[in-house]
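Just so it is clear, the values below take in all heavy atoms, side chains as well, and ignore hydrogens, waters and symmetry mates. Lettering follows sequence order; numbering is per chain, from 1.
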There are 2 protein chains.
Amino acid sequence: MPADSGPDAPDTTRPDDDLRADGENAGQEKAGEENAGRENAGEENLVEAFWAVARRLRHGTRVALEPWSISPSQSRALGVLIRHGEMRLSSLADHLRIAPRSATEVVDGLQELDLVERRPDPADRRAVLVVPTPHGRSTADAIHRARAAEGERLFATLTPADRADLSRVLRKLHD
Amino acid sequence: MPADSGPDAPDTTRPDDDLRADGENAGQEKAGEENAGRENAGEENLVEAFWAVARRLRHGTRVALEPWSISPSQSRALGVLIRHGEMRLSSLADHLRIAPRSATEVVDGLQELDLVERRPDPADRRAVLVVPTPHGRSTADAIHRARAAEGERLFATLTPADRADLSRVLRKLHD
DNA sequence: CCCTCATGTTGAGGTAACCTCAGCTTTCGG
DNA sequence: CCGAAAGCTGAGGTTACCTCAACATGAGGG
């Protein structure tokens, strides 16, 4: 199962993506199926155009991240840990929205890959802090770069004016 | 497990979504974590802004689709079947990129929900054609409308000029 | 006509990524 | 001092796939 980590990592579960229906996934079904038999219709078309671009970007990113062989949940966890520097296991579970029991095993896996280590929490000796290792950081960084490069490949096809427009509009939508 | 079907259905696997790392998923981790500790950096930021919008849209859509209780794989299958009208089981498996064995059971589930039916294939009596039922079609249509409405809610915050810009740029990216 | 392959089903067993529950030891804090 | 927290272990569960094998029926080509 190809892996990913760090912020904005794509879903790497299924070939051209994950568990969902058309559109928002990364081209789950065969290419060219989107909007088959459906006419453009104002707002709806804007939504579908957006997801079509999302699929392209996700697919490219997924391919680009295949060399890193950590599981999706491990890479999500690593991404959270990279951003926070260190984190208690219970907090990690909260951030990942999984049960603490599950987080124990995700961290076990990351530890086996030498991507994180468990350290005692000086503030509470019952607790452990999960900390990315240097290897974990460099792995996450490499993955992040690969994804950024992939995005650049797509957006580089735009003129500077178009990029500025897109950036402006995306910021409005995001805020 | 909330469900979805039809084109552009979002991933509905996990709360704020599916199996992957940050960014391209629908806000897996807690809100506000994106770009934590990361400065804006040209192209990279465009990619991240794009995924941030994608997460918002996905989250909203996922919530909107919760009333339909079919599984993600069922809704993906239904989406493919709606677009194609009818399809052999082996073709459906190809489109969904799952094994025929697995497609058998996805269709079993759809059949139990009265969303599709199996018909003999007149061209090959070994084969069966999977066909959406009227209920399946109306369900898929309702799901599609709900998602379109959700997209409209997000994009309606833009001025007409911004929408035109976004639409133009997205079309360039998509082609 | 015969043989090879295709079709979809059933059954069995497997993996991954989660889940809940219970029990345990150690630690914390009121 | 005591109830709760922290994380671990173990057990058992679900979902969404997977492979493999076997089977009956049907198709098609030599």
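Sequence order on DNA chain C of the closest nucleotides to B:Ser90 and B:Arg101 puts B:Ser90 first from the 5' end.
Going from atom CE of A:Met87 over to atom P of D:dA6 covers 14 Å, rounded to whole Å. Summarising the geometry, the separation between CD on B:Glu105 and C1' on D:dA16 is reported as 10 Å, rounded to the nearest angstrom. Between the P atom of D:dT19 and the CD1 atom of B:Ile98 lies a distance of 11 Å, rounded to the nearest Å. Summarising the geometry, the separation between CG on B:Leu89 and P on C:dT10 is reported as 11 Å, rounded to the nearest angstrom. Taking atom CD on B:Gln74 and atom C1' on D:dT14, their separation rounds to 14 Å, with Å as the unit. Nucleotide D:dT15 holds its P atom 17 Å from the CZ atom of B:Arg76, rounded to whole Å. Look at CG on A:Asp108: it is 14 Å from P on C:dC18, rounded to the nearest Å. Protein atom NE2 of B:His95 is 16 Å distant from nucleotide atom P of D:dC17, rounded to whole Å.
A single hydrophobic cluster is not seen to contain both B:Val80 and B:Leu129; linkage of ILVMFWY side chains at heavy-atom distances under 4.5 Å, directly or through other members, places them apart. A:Leu78 and A:Val131 fall into different hydrophobic clusters, where Ile, Leu, Val, Met, Phe, Trp and Tyr are joined by side-chain heavy atoms under 4.5 Å apart, directly or via other members. With hydrophobic clusters built from ILVMFWY side chains whose heavy atoms lie under 4.5 angstrom apart, A:Ile82 shares a cluster with A:Leu89.
Note on ring orientation: taking the six-membered ring where Trp is involved, the planes of A:His95 and A:His84 are perpendicular (angle over 60°, cut-offs 30° and 60°).
Closest approach of A:Arg118 and A:Thr104 over heavy atoms only: NH2-O, 3.2 Å.
Taking B:Glu105 as the reference, B:Arg101 meet the salt bridge (charged side-chain N to carboxylate O under 4.0 Å, His left out) condition, with sequence neighbours excluded. Residues meeting the side-chain hydrogen bond (donor to acceptor under 3.5 Å, both in side chains) test with A:Arg88, sequence neighbours left out: A:Asp121.
Considering only the side chain of A:Ser73, C:dC18 comes nearest among D:dC18, C:dC18, D:dT9. Comparing D:dA16, C:dT20, C:dT9 by their closest approach to the side chain of B:Thr104 singles out C:dT9.
Between A:Ser102 and C:dC19, a side-chain N or O to OP1/OP2 separation shorter than 4.0 Å is present.
Residues of residues 116-131 of chain B having a heavy atom closer than 4.0 Å to DNA chain C, listed by number: B:Arg118, B:Arg126, B:Ala127, B:Val128.
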